[in-house]
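We number each residue from 1, following the sequence as shown. Values below: every heavy atom of this structure, side chains too, minus hydrogens, waters and symmetry copies.
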Amino acid sequence: MFLDLGAGKGRMVLEAAGRYPFKQVIGVELSPELTEVARANLAATRLRMRAREVEFVQSDALDYDIPDDVSVVFLNNPFRGRTFAAAMDRLLGSADRNPRPITLIYFNPVEEEHLLRTGRFRHLRTVTPWRRRDTGVFGTTRVYAVTA
């Protein structure tokens with residue numbers, strides 16, 4: 001299962017559902033307006049969906065119960081500070097309830113230091129655009145494994 005926390009207009013949810021064989025793809029978005037745009041984008045897409053189920057949930061990430069079968073989580077720098085820390089605690093709680101491999105894909109990883117301080121996220125690789133000037137973490141995508 002693929003989960004996008006802070007799904008916005010749903011671009012990554014549609015990409016994941018169309019390109020990869022996930023059984024279920026879920027986008028969680030706080031904004032009711034963006035959630036409706038994402039749902040409209042799903043209804044209007046001409047992409048053939050490989051995922052059996054695609055859903056957009058309008059919810060605060062801190063109120064959303066992360067399913068215990070999520071295997072990939074995507075973040076496009078949706079929140080920072082305490083909200084980020086609490087959301088990652090919820091992800092780790094799911095990993096503890098049902099131990100399994102979980103991959104975290106984090107675009108613009110401004111809260112990477114928090115992830116690494118937990119001792120539960122192992123950096124696997126960094127993807128950098130080939131024409132990128134050094135702008136720190138912005139524009140990079142980092143991939144982590146959630147550890148037991």
_Could you walk me through whether V110 and R80 satisfy the side-chain contact (heavy atoms from CB on, under 4.5 Å) test, starting with their C-alpha distance in whole Å, then the side-chain angles of each, then the deciding distance to 0.1 Å, before giving a yes or no?_
CA-CA 8 Å; V110 297; R80 297 182 182 183; 3.5 Å; yes
**Message:** Under the criterion side-chain contact (heavy atoms from CB on, under 4.5 Å), I'd like the reasoning laid out for M49 against V54: C-alpha separation, chi angles, the key distance, then a yes or no.
**Reply:** CA-CA 9 Å; M49 296 293 143; V54 182; 4.3 Å; yes
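Here the closest heavy-atom approach between residue Y144 and residue H123 is recorded as CD2-CA, 3.6 Å. For the pair G6 and P78, the tightest heavy-atom approach, listed with the atom from each and the gap, is CA-CB, 3.9 Å. The minimum heavy-atom distance linking D68 with S94 is given by the pair OD1-OG, 3.0 Å. In terms of heavy-atom proximity, A7 sits nearest to G27 at CB-CA, 3.6 Å.
For E113, the salt bridge (charged side-chain N to carboxylate O under 4.0 Å, His left out) criterion is met by R117, not counting sequence neighbours. Take Q58 and apply the side-chain hydrogen bond (donor to acceptor under 3.5 Å, both in side chains) test, not counting sequence neighbours, and it matches no residue. Residues forming a side-chain contact (heavy atoms from CB on, under 4.5 Å) with R46 (at least two apart in sequence, or on another chain): none. Judged as a side-chain hydrogen bond (donor to acceptor under 3.5 Å, both in side chains), and not counting sequence neighbours, R11 has no contacts. Residues passing the ring-ring contact (aromatic ring centres under 6.0 Å, His included) test with F74, sequence neighbours excluded: none. For V127, the side-chain contact (heavy atoms from CB on, under 4.5 Å) partners are T141, not counting sequence neighbours. In terms of the side-chain contact (heavy atoms from CB on, under 4.5 Å) criterion, residue partners of Q24 (sequence neighbours excluded) are, by chain and number, M1, I26, E53, E55. Shown here are the side-chain contact (heavy atoms from CB on, under 4.5 Å) partners of S59, two or more places apart in sequence or in another chain: V28, V57, D63, Y64. Remark: D60 pairs with no residue by the salt bridge (charged side-chain N to carboxylate O under 4.0 Å, His left out) rule, at least two apart or across chains.
There is no path of hydrophobic side-chain contacts, each under 4.5 Å, that joins V25 to V37. L115 and L62 end up in different hydrophobic clusters when Ile, Leu, Val, Met, Phe, Trp and Tyr side chains are linked at under 4.5 Å. Residues L30 and L75 are members of separate hydrophobic clusters, defined by side-chain heavy-atom contacts under 4.5 angstrom among Ile, Leu, Val, Met, Phe, Trp and Tyr.
Among residue pairs with one or both ends in residues 89-108, those qualifying as ring pair (Phe, Tyr, Trp, His ring centres under 6.0 Å) are F84-Y106; sequence neighbours excluded. Among residues at least two apart or in separate chains, ring pair (Phe, Tyr, Trp, His ring centres under 6.0 Å) pairs with a member in residues 12-57 are F2-F22. Note on residues 82-91: pairs passing side-chain hydrogen bond (donor to acceptor under 3.5 Å, both in side chains), not counting sequence neighbours, are D65-R90.
Between T118 and M88, the closest side-chain pair of non-hydrogen atoms is not below 4.5 Å. Within the 4.5 Å cutoff, the side chain of V146 has no heavy atoms near those of the V73 side chain.
The distance from the CG atom of L92 to the OG1 atom of T147 is 8.0 Å, given to the nearest 0.5 Å. From T103, atom OG1 reaches atom CZ of R122 across 9.5 Å, with rounding to the nearest 0.5 Å. Interatomic distance, L91 CG to L5 CG, rounded to the nearest 0.5 Å: 8.0 Å. The distance from the OG1 atom of T140 to the CG atom of N108 is 6.5 Å, given to the nearest 0.5 Å. Taking CZ of R97 as the start and CG of D69 as the end, the distance is 11.0 Å to the nearest 0.5 Å. Rounded to the nearest 0.5 angstrom, R142 CZ and E112 CD are separated by 4.5 Å.
Counted by atom type alone, E29 and S31 present zero donor-acceptor pairs between their side chains at under 3.5 Å.
Side chain of N41 to main chain of G10: no donor-acceptor pair is present (N/O by atom type, distance under 3.5 Å, no hydrogens or angles).
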